[in-house]
Structure formats: C-alpha cells, structure tokens
Amino acid sequence: MGPSKVQLALIQYSTEPSTEFLLNTYSVKDDVMSHLSNVKLKGGFKVNTGVALDYVKNNVFTASSGSRAQQGVPQILILLSGTKSDDDVLGPVDRVRKAGIDLFTVGLNNTGRLEMEIERSSSNVNRDIVFLIDGSDDVRSRFSSIREFVAKLVEGFDLDKGKDKVAVVQYSNNAELNFNLNTYNTRNDVLKHVASLKPKGGRPQYIGAALQFVKDKVFVSNAGSRHHEGAKQILVMLAGGRSRDSPRGPASMLKAAGVVTFAVGSRSSNSAELQIISSDPNNAYSITNFENLPEIQQRLMNQITQEGVEKEIKAGRDIVFLLDGSDNTRNTFSEIQNFLYKVIDRFDIGPKKDRVAVIQFSNVALANFFLNSFMRKEDVLTAVRRLSHKGGRPLKIGAALQYVKDNIFTVPTGSRHTENVRQILILLSSGPSSDSVSLPSASLRESNVTILTIGTKRSDYKEMGEITNRAILGCSLCIGFHYLSSCLFSVDTAQKDIVFLLDGSDGTRNGFPAMRDFVEKVVEKLNVGENKDRVSVVQYSRDANVNFYLNTYTRKEDIVDSIRGLKHKGGRPLNTGAALQYVRDNVFTDSSGSRRLQGVPQMLVLLNGGRSFDSVDAPASALKQQGIYVIGIGTGGSDSKELQKISYQPNLALSVSDYSDLPTVQEQLSSAMSTVLLRATPVTPTVTGKKLNTCLKCDCFLVEKRLPGRDIVFLLDGSDDTRTGFPAMRDFVQRVVETLSVDDSTDRVSVVQYSRDPTVQFYLNTYTTKGEILDTLRDLRPKGGRPLNTGAALQYLRDNVFTASAGSRRLEGVPQILILLSGGRSFDRVEEPASALKQLGVLTFAIGSRSSDSRELQSISHDRSYALSVSEFTDLPKVQQQLQSSVEAVVSKVTPETPTVLGIQAPIDTAQKDIVFLLDGSDGTRNGFPAMRDFVEKVTLSVDDSTDRVSVVQYSRDPTVQFYLNTYTTKGEILDTLRDLRPKGGRPLNTGAALQYLRDNVFTASAGSRRLEGVPQILILLSGGRSFDRVEEPASALKQLGVLTFAIGSRSSDSRELQSISHDRSYALSVSEFTDLPKVQQQLQSSVEAVVSKVTPETPTDIVFLLDGSDGTRNGFPAMRDFVEKVVEKLNVGENKDRASVVQYSRDANVNFYLNTYTRKEDIVDSIRGLKHKGGRPLNTGAALQYVRDNVFTDSSGSRRLQGVPQMLVLLNGGRSFDSVDAPASALKQQGIYVIGIGTGGSDSKELQKISYQPNLALSVSDYSDLPTVQEQLSSAMSTVLLRATPVTPTVTGKKVTKYLSISS
C-alpha cells in the first residue's frame, strides 16, 4: 500500500451510503487494518444498491478522494451484497462501467438479480416489445391505469441506443395499431405517444383475432420486427375481460414463431385463458383491478429484460487447465484436485458445449487428458479424481505454455478454435518459472487464447502479468472464478484482412489519383504484418485484376510503394457483380493469404463511381454469407440503393460527391471499420485485481451462444396429384423456416420441387436472410407434371444440392438434413439414391400422405422412425412438433469425427469394436433360427457396452435392419430386442445383395459406424445355404472398406463361398446344425480378438513430388526419377489410401499427374518411368510452391486436406531460386502442408530450411546420384510428420491394453 502503490476506500450502504474512509485517507496498511477492526454495522431496512453505486462513482472515484484514474491506474470496485436491491441497479451499473471502473461482485445465493442486471448491462440482446391493450368499453374507466403502467415499463427500456423497440396495439371487437416497432427510435417519442393514448372503444373482446393481428401485422419485418436479426420478440397483453373467440390457435402460432408472451388480466378475465395465451405459465399475471398494476411492475420488468440473457450466457468453451505438478506442490496437490473438481462440476460439458483438458507440468509437460478425451461430465470428474501428482523440477512455465499451444489447442486433440469456440487456458503455478515465458505466452495470445493465471505468494506477479498481458490476478489456490461473470470484455483488433476493390473503369480516370491517395492514407493507419493486418488491392472494370494479394507483402512500406505505383486499369462496362464474385473466389482464400478460417475479420472496401452493368445481388449475398464485411463508398455517379445492397449493412454504404472529397469520409470509414471489428472479433476478458478471493462458482466465462448450424433441404412433391395439397405443404415449410436461425448464418435452407424431374427453387447459398426465404416461399406454385420420380430427385439432390458449390457445408461438419414431402408412390427405384444420400451423411426425414407407400418412405428415411405420415397435407401441423424434435435429436447426435492425436506419453485404448450380425432369416433356416438368436445373445453378453456397438440385420431375398450400430447404447436394450427376434422368412437367399446393403447402409457414420475414427469394423455372417446371387464383388468391397468378416455356415452352406466372403479363409467356420453354434463360440471370439489386435488403421496421405526440371538438372534427372519411383514403391496407393502427384518446374510449373489421376500404384510407377525432363530457366521455386498450393493441393485435384488427410510436399531442388520463396513457403505451412526439402550441392541450404516445414526437414546430398543415401532419412522425416499430423493407433496384443507412446517433438 501507498500513494504510488495500492489505495483502498471502504463504503457501507443500506438505504443511503456512508463513507468509512476514502482512497487518500490512509497510506499505511496498519492504519487500514486498525480502522477495519473498529468498523460497526451501519444498519437499516432497505437496500438501495443502485444509489450506492452512483454514490461511489460520483464521490469516491474522484481525484479529490484520491482516485488516480487520470494517471492510468486501474479503478476497481468490489461490491459485497447480501440481498436483492430495492432500487434499480441497471442504470448505475452501466454508468459505473462507462466511467472505466471494473466491477466485481460477491453475493449470497439470493442476490441473483444483481448478477443478472450486470450480465444484462453488457448483453447484446435486442428486444422487440409489443403491448396489446384491451381498449374496449369495459376498461374505459380504468384505461388511465393501463396507460401509466405501459409508460413506467417503457421508461426501463433501452430505446435510445436501439436495443429495444416498442409497438402498441389496442383491441376490442377488432384490433387497431397505435404505432409500429419502427415508428419511433427514442424513449421520449414513445412516451409522448403513450401519454396521448385514448381507449378505442367497442365490444365484445376478440382476443384470438387480436393475437392473430399482432402475429401477421406487427411481428413482421416491414413493421420493424428484427426477428430475423435475432431480436427477442416479446408480447405484453393486458386483458380486462374474457375473450369471445378462442385464443388457443393464434397463441400457439405466436409460440411457434418464438414470441414470448406475457398475459396480464383483471378479475373479469379468465385465468385459464391467460395461461393458454402466455408462452409459459409463469408469464401469466392475475390482479384484482388495473389500479393494482404497480404491484406486478417490477417482477414483469425483470422477466422482460432477462429474456434472452440466460441463453446468451451459456456457450461452448474449450477450457485447458495447466497445473503446476512440480515438487513444490506435492503437499498441496489434493487442494488443487479439489479446486479443479469443484470448478469443473459447474461446467456444462458435452461435444457441443464445454470441453476440458488437464495438463501437468514441472520441467516437462504431461497431458492427463485432452479436450476430446471425455464428452461427459462424470467421466471428466472421474479422471480428475484419479489424477496423480507428476513431480519433478525445475518449474518451466514457458515450455509448458509452448506444449499446450502445439499439442492441446489443436483440432486433432479436440480444440474447436476453427469454429470460433472460445479458447481458455487457466494456469495454476506455485512459483516463478526457470525459463522465459515471453514468446510462448505471446504465441498463445496471438492464437486468441484467453489466459487466466492463478499464483501463490511465491509467484512472480510481473511474470504472471506478462503471461496474460493484462493486469494480474494472483491469489491462493482456494480461489473460485465467480469474478469472471462481471469482468470487463474488451476487443482485440490485432488482426484484419482488408481488400480494397477499386473502380478502374474509363469513368474514373480523372478521379483515380484521389482514390489511390485515399487508400494510401487508410493503409498508413493500419498495423501491417504477417500476424497483424494484411492488405490487398484489386481493380476492376469489365473484369477484375489483382494488383497484389493479402500475402504478397508483409511490410507497410512495400504496400504503400505498390499503391503509389498503381496505374489506372481502364475499360468498360462496369461489372461490379463479377468483381465481387472474383474477390470472393480468388482473393478471400487461403492461398491468397486470407485468414478467414482462423477467425480473422475479413473486410472489403469498395470504391465505386457508377452503376453496375451486371447484377450484384447474388455475389453480394455470397460475400455476406462468407462473413465478409463490405463497406461501399460511392460518388455522385453511383447507385445508392445498389451500394446499400452490396454493403454488409445499409449504414455501411458511404457517399461523396466526387473522389476529391474522399478525405471527408475517412473518419466515417474508420468508425465503420471499428464497428465491424466489434462484431467480428472474439471478445477477450480483461481481469484486473490482485489477491481477490471470491466464492466458488464458475459458470460465466462467455456471453455468446453459438448454435449448431444445419443445412436443410426441402424436397416437395409438386406433381399433378398434389395440386390441391400444395398450399398446405408450402405453409408447413414456411412454419418450419420461421423456427430456424437463418440470419446469423447458422442455418441454411434450400427448396426443390419435383415430379418427372426436379426443379431447384433456391439453393442453400441463394439467400442469407429469413425474410428473403419466406418472401420466395409465399410465391411458390406447384410445378405440375407426372409421373413421380422420387429416386431421380434424390439422386439429383446428392449430385447438385448437397455440394459445396450449392452452399452445402458438409465438409465443414455441418449436419445435412433433407425433409421430403411426398404425395404418392415413386415411379422409379428409390433404394440406391436413398442409400447414396445416407452414405453421404444426409439425414433424411420423409413425410407422406395416405397415397404414399409407407415402406418406401421408411427406406428413404435416415431411420424408420423418421418416416411420418398424415391423411392429408392439411394435417401437416400435427406432425410439425414431432419432426422438429426428431431433427433436434438427430442433429445433437451428429458430431464431427475427430481423430485423437497423441502427444508425449498419451494413453491409447483400442478396446472398441463395431460388430454387425448378418443373419440368414430365410425359409430355409426357420427351424435353426432360435439357435442363431441364442448364439448372438451369448456373443453380445461378452461385449463391453461402454466401448462396443452392435447391429443386427436379417436377410433372405432382401435385407431388413433390426437395429443399427447407434440404435442402442446399453447391452440390456440389445438383449431385450434380441429375445423378441423372429425369422423374417422369404426366398431366395441373396447373400451378395445383403453384403452390398451392409456396405452402403450399415457400415456408415450416419448408422453409427466409427470406421473413420479407426474403430475396427466386424461382420459376423450366419448363413444356412448357398447364395442365389454373386457374393464376390460385395465381399471384396467390404474388405476394401476395412471390414473384418467372419462367416459361419451349416451343412447346407457352400464352404468355398464362405471362405471368399471371409476376411481370411481361416475365419470361415462351419457347424452341422445351428444348434451346434456354441461349439464354435470360443473359436470365433478368439479369432475376433486376434484380428482386432492386429488391425492398425492405415493412415492415408496425399504426397506431391515437386521436381526441379530446369536446365541445371538435366544430367541428374534420371536419378531423381528413380528416387521418386522407389519412394512410391513403398506407399500403399489407393482411392482411400495414399495418393501421389508429380509436378516439374523451372521458369514455371507443369503438372505431370494430379493426386486423383491414378488410383493404382502400377499406373503411378509407369507414369514416373515415362517422365521427360522439362528444361528451361530461370529456376522460380517461389512461383512453383505457390502453383502447387493453388492448383494441386485442392479438392478438384484430389487433395483430401479438408477431410483431415495429411498433406506432404517433397521438393527435389538443384539450385537457388531466382524469385522469393518466403511468402509461398509461409502460405504452404499456414495451410498445414508438410514440406520436406532435398537439395544438392548447388542448392541454398538456408533457402531450403526456410521452405521446409521445419529446418530439420531440409535434407541434402552432394549430387542426385547420392539420393538413395537419404531415402532412409526421408522415410524417417515422413514418419515424423505423420505422427504429428495423424491419429496414432498402436498394435495391441491382448484385450483392453492401454499403452503410453513417447513421441519426440
């Protein structure tokens, strides 16, 4: 303590506040302690926290009272409150925060309102509030009480800042609008109108009609509703009597539309009716008379203002605890464990909620478990209970931070940073670090990881401050994190990608110098750097030309020089639409330096001098959809409406009369860019304070919920037969769309009609707002035609709608949902297209009418239970809730498949199996079927239902699934179903068709298969006869998929056929009768365990060889070619295995073959043997690297980068590059491509190290003839890369063996 250290003040309050001492009263700690020991309770019966907060702001945090705010000293207010406040705290809290004072609260359980007010004050929830007032003759004498009540509520709303909007409607025998949501923008204007309200008069009261009026005329976009922007829709109804019509239907529709309704009635009202109208029973109020309205005012106000806040507080987070496990914490480790347990117990853990990892460190770091190790809270808590102290010294915090960045905050270990999920690191440390923390902590912060540090008395507070780069929070290990609910949130705008799109047409020739100067001035104010701001400039007229990309320059000076040297492009006409599309497809991309996928804000500044010759609608919409913030600046010649349409929001369209006036909007542009960044950038909490001990409650790290996105396609039967039912279909789709979150880019919608052939009404990326979708739906008419080809329509969707170009985000892990409404049986086959959609991971829900074929709908649906039926399409509302519940349930189960990557000493458990039983249920096995069923039961008893999954399928002529791998999660459920199993019957026996069916429909992710996660896939076939169809091709297809098949037959079976089906001839077993199955049970189980223990899922790799084909390597080229051939010989080439490509380069690059050109090793080797030397000079290695990044490591060229397959580039180079390799090499690394460089005596070793993913991956030979000497080194380097990039699966012998691998980093 002291004038230049910490200063304290103490205030007590009840009805009024009173000062114990001010900030400048004491400068010695002993004096403060002495005063504290003599403090007496102030007393009083009322608690006015709001008054006290204002008092402290106005009288204590002032210079005269000792505040040093002007000198930049943090101002901290710690409020200890024992009960709810009797006055309003919202305004005072807001004023305290605006004064720059950090507010921390410590309260008992009944002080919840204050905490909620504080959350509310920093909430971004917007509200549209509609008052529906009884203005009938029955309330004429009491109308003034209603008017005053509405006015008092309005006074508490945030109307001036645009967060809240208000509308008023009166009703009696009809409804009448007093004013709309978009009529007034200030509180005073609303209050003036409310004060002038007169009762409309009339009787009787029709509340149902009034509710319908509000839904159709007020809660709509053109009346000012911001429902599509996520604003909370709230209706407050005041009823003075009972309704003459039924309010049930309209109230239900309001509820379905997401409107939160509060109903207030007097003694003349019907309380049951109020409950029906309210969206929640707690939202219904009954009072004796309207004069008593003030009694419920505060409670209703709290309910209204808290709408949406709870939803906002809950959000998914990736939380990593980094624990000091050194010798220093040996005696206190149980305290750390208890602390951890209590904190984690407060989290909402789940795949799409919170995830937790725990790491211990001393001299090295050790992962106890990763972010994707456990998805249930009980499993995490069990793991915490079982933690054992690591031990060791010295304490190396820097190394531990680096370990966490490299191995924990990564996608393979469960981090969701690419999905913009908040990344949080909590460091518990007992003392100072023996190594430097500067670079690792800076690196974590650059990756948008929020770091919180907790230390003890021995900790170095400066070091902890350096780690967080913020004011320090040092405290004892018994601290909780309740303070996080009230910590400041600040925006880190350290990174932006900004593209300037300049009108370079003939019409801007004279204004171009002014344009150029303007861009230069804007760039001058940026913080340019590789990991800071990046800039690109593009000119356009008829077409677009890039002057430089986002990754061309990393220094401000270079960008400014390039801008000064810009030459006017010229040309006409002005195609702004094409230019917008061009920057979206070619500039805002990974390869051009965009960091969009890393969460860096993307901004486009358009300077435009005229109206576009082509349409801007679709390209502008596509940019918004991609999250690119467009700011449009136009001149007198521009079309202002077009500019508003292009801009991210209409208010981001700026205007000048002439380009020479551009400096006048520079301030406006800066302000618009800041606004954009506030929206676009992750918020980072700033924690200030020292040795803060507060209560243990950790549930408020974050205040924004990210809902899981969905891509939803509606396939509507528009044939002649559904002409009369089509309006009901259309209304149904509208109602479902109303419930979706389209406007925040969470959900996307497409609608397709079909009869003989399909017609797309709009794609998933056509519209970005709910309003646009609903407008299009209202105009939808049936296409007509016959016959009904459902199969062709399903195939069309697979090939043309569920694709990235049509807006599908399937490759990003977004659930793909198809809702089919069909009014008849299909004229063509649906089985294959339906299977293809399931294989693609599309979740299909089918709804049919009485004319539909229920079996056909079931075969199309993702699951039989997702096939719904109505008598007529007018009955669709009856199944809406069932459909939505099913969609939510299935989406919650669909989790992106995440490989587990092991770092140092990571545990591996391979005790997992997916087991499918395929049972011959034909007429020929009717007598033996009970024995078959008993056998399956016995085998099932031996599985572990916490790790294994089971499916049972019967077949005869065709197969029938009894249950899928993801149908049941417990052994008991499986056994109950098996006991009721009856043979399906039928003939002939088509074993081939059944095997093909399993491959396409059961061994798939949507059916619960974990094949892509490396879990062994096992098929056990029990067959009682020879197959009527061919089994060779389907059996081969299953083997190729990695399915391990065991076949058991009886005396009537064909032993050769069983052997050809089995994974290995020895896995074909035989019994005389199925009653003898117990005799082979042990043999089967031993074989399964043996084969599972041998299975190591092969890791596919995409490998590109980039060969120096310049004049300088002519003599060495044959040796280069032989070397590549030998490397390829060792690969496991195949469509779903390794892929290879070869590219040669000199001045420019030429592809010899792409990654998807060949799928057989022989073809690749033949092509390599036939390679001819390219020739040419100079050697442009930089351009070649950029070329392979943009043209070879792409989807279309066969790269599987987006599917998580490791990408590797092997460069063989014989000289120094003529151009710069820096930016292209950096771009490859940024894209996660592992480059291994091999050079000769003529190569530049430093350049090679710069190109390689790591310096130690740069290899060297004196001459190409020596390449065989580094083949072992190359193999080793490739293995090292794969260990980093790929899920590691050990070869385990035995059962349930947990191994620890030590992988050097």
Side-chain angles (χ1 to χ4, degrees), residues 351-352 411 416 418-421 584-585 589-590 596-597 622 625-627 706-715 740-742 744-752 758 760 762-768 793-820 832-845 860-863 866 887-899 966 1000-1001 1003-1013 1100 1102 1135-1136 1156 1194-1205:
K352 298 200 174 180
V411 172
R416 296 165 292 173
T418 56
E419 301 164 46
N420 288 335
V421 170
R584 181 186 183 276
D585 296 341
T589 61
D590 264 4
R596 183 175 66 86
L597 296 176
Q625 199 173 356
Q626 201 162 309
R706 297 187 65 83
L707 296 169
R710 293 163 294 188
D711 291 342
I712 303 174
V713 178
F714 292 92
L715 179 59
L740 304 177
S741 302
V742 177
D744 59 0
S745 297
T746 299
D747 297 328
R748 293 184 183 178
V749 176
S750 168
V751 171
V752 181
V760 177
F762 51 89
Y763 290 98
L764 289 162
N765 54 4
T766 304
Y767 299 124
T768 57
L794 294 172
Q795 189 63 42
Y796 181 86
L797 294 185
R798 184 191 182 282
D799 297 340
N800 299 281
V801 180
F802 287 109
T803 61
S805 58
S808 165
R809 297 167 293 175
R810 183 176 65 85
L811 295 176
E812 297 162 48
V814 174
Q816 308 290 288
I817 295 165
L818 169 61
I819 299 173
L820 165 68
E832 292 79 7
S835 170
L837 281 168
K838 287 175 190 171
Q839 209 168 353
L840 202 65
V842 177
L843 314 170
T844 306
F845 298 81
I860 292 169
S861 298
H862 171 69
D863 184 274
Y866 298 148
V887 169
E888 282 172 23
V890 79
V891 167
S892 68
K893 286 179 193 161
V894 175
T895 312
E897 293 151 342
T898 308
N966 54 4
D1000 297 341
N1001 299 281
F1003 287 109
T1004 62
S1006 57
S1009 164
R1010 296 167 294 174
R1011 182 178 65 84
L1012 296 175
E1013 297 163 51
D1102 292 341
E1135 179 70 26
N1136 297 311
N1156 54 3
T1194 61
D1195 264 5
S1196 57
S1197 299
S1199 165
R1200 295 164 294 175
R1201 183 175 66 87
L1202 296 176
Q1203 291 135 273
V1205 173

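Only this structure's heavy atoms are used, side chains among them; waters, hydrogens and symmetry mates stay out.
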Minimal heavy-atom distance between Arg748 and Gly807, with the atoms involved, is NH1-O, 2.6 Å

Between His862 and Val842, what is the shortest heavy-atom contact and its length? ND1-O, 4.4 Å

Contacts of Ser1197 meeting side chain to side chain donor-acceptor pair (under 3.5 Å) (sequence neighbours excluded), chain-then-number -> Thr1194

Quick check: do Leu840 and Gln816 have side-chain heavy atoms less than 4.5 Å from each other? no

From CG (Leu794) to CZ (Phe802), nearest 0.5 Å: 9.5 Å

Provide the closest heavy-atom pair for Tyr763 versus Asn800 in the form atom of the first, atom of the second, distance. CE2-O, 3.8 Å

Atom CD in Gln795, atom CG in Leu837: separation rounded to 0.5 Å? 7.5 Å

Val752 and its side chain to side chain contact (heavy atoms under 4.5 Å, CB included) partner, picked from Leu820, Leu818, Val801: Val801

Heavy atoms only: give me the nearest Pro815-Lys352 pair and the separation to one decimal. CG-NZ, 4.4 Å

Taking the side chain as everything from C-beta on, heavy atoms only, tell me whether Thr418 gets closer than 4.5 Å to Val411. yes

Full working for side-chain contact (heavy atoms from CB on, under 4.5 Å) between Thr844 and Leu715: CA-CA 10 Å; Thr844 306; Leu715 179 59; over 6 Å; no

Can you name the residues that form a ring pair (Phe, Tyr, Trp, His ring centres under 6.0 Å) with Tyr796, not counting sequence neighbours? none

Asp1195 meets the side-chain contact (heavy atoms from CB on, under 4.5 Å) criterion, sequence neighbours left out, with Leu811, Leu1202

Tell me the closest heavy-atom pair linking Pro758 and Ala793, and the distance in Å. CG-CA, 4.3 Å

Inter-residue atom distance Asn966.CG - Ser1009.OG, 0.5 Å rounding: 9.5 Å

Between the main-chain N or O of Ile817 and the side-chain N or O of Arg710, is there a donor-acceptor pair closer than 3.5 Å? no

Trace of the side-chain contact (heavy atoms from CB on, under 4.5 Å) decision for Arg809 with Leu764: CA-CA 9 Å; Arg809 297 167 293 175; Leu764 289 162; over 6 Å; no

